[in-house]
Amino acid sequence: EITDGSGGAFWGGTDFSGRIQNFEIQLRSEDSYLFSEDGEPGFDEERLTAGLTYYITGHNNNVKLSYTKIEPDAGESRDQINLQWQIFQF
């Protein structure tokens, strides 16, 4: 099993509410240095994510779609697609 030893992340987004209502673009870059359960150094892993959020009724009801490219130092690169529908009731 691999555990996260250290790492960093950068993420951000922007709201084009003046031009395109209810949409937000998301970008994220993440770099992790992973260790085994025994504390032995494992491998580095980089992730680059781009996504789009559509706010149906603000933050109470939104749909998010993102694509992530996962590139570990060991093993093969992988692609990940995430579709999420988020509903909040206050």
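The first residue in the sequence is number 1, and the count goes up from there. All values derive from a computational prediction rather than experimental measurement.
To the nearest 0.5 Å, atoms CD1 (I70) and OG1 (T49) are separated by 7.5 Å. Atom-to-atom distance recorded for N22:CG and I56:CD1 is 9.0 Å, nearest 0.5 angstrom.
When only modelled atom types and interatomic distance are considered, T53 and Q26 share a side-chain donor-acceptor pair under 3.5 Å.
Counting only residues at least two apart or on different chains, the ring pair (Phe, Tyr, Trp, His ring centres under 6.0 Å) pairs with a member in residues 56-76 are Y55-H59.
Here the shortest heavy-atom pairing between S77 and P72 reads CA-CD, 4.0 Å.
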- Item | Working for salt bridge (Lys or Arg N to Asp or Glu O under 4.0 Å), residues R78 and E76 | CA-CA 6 Å; R78 304 181 305 278; E76 296 183 23; over 6 Å; no
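A 4.5 Å side-chain heavy-atom check between T68 and L48 finds every atom pair outside the cut-off.
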Please list every donor-acceptor pair under 3.5 Å in which a side-chain atom of residues 80-90 meets a protein atom from a residue at least two apart or in another chain.
| unit_1 | atom_1 | unit_2 | atom_2 | d |
| --- | --- | --- | --- | --- |
| Q84 | NE2 | Q86 | OE1 | 3.1 |
| W85 | NE1 | N61 | OD1 | 2.8 |
| Q86 | OE1 | K64 | NZ | 3.0 |

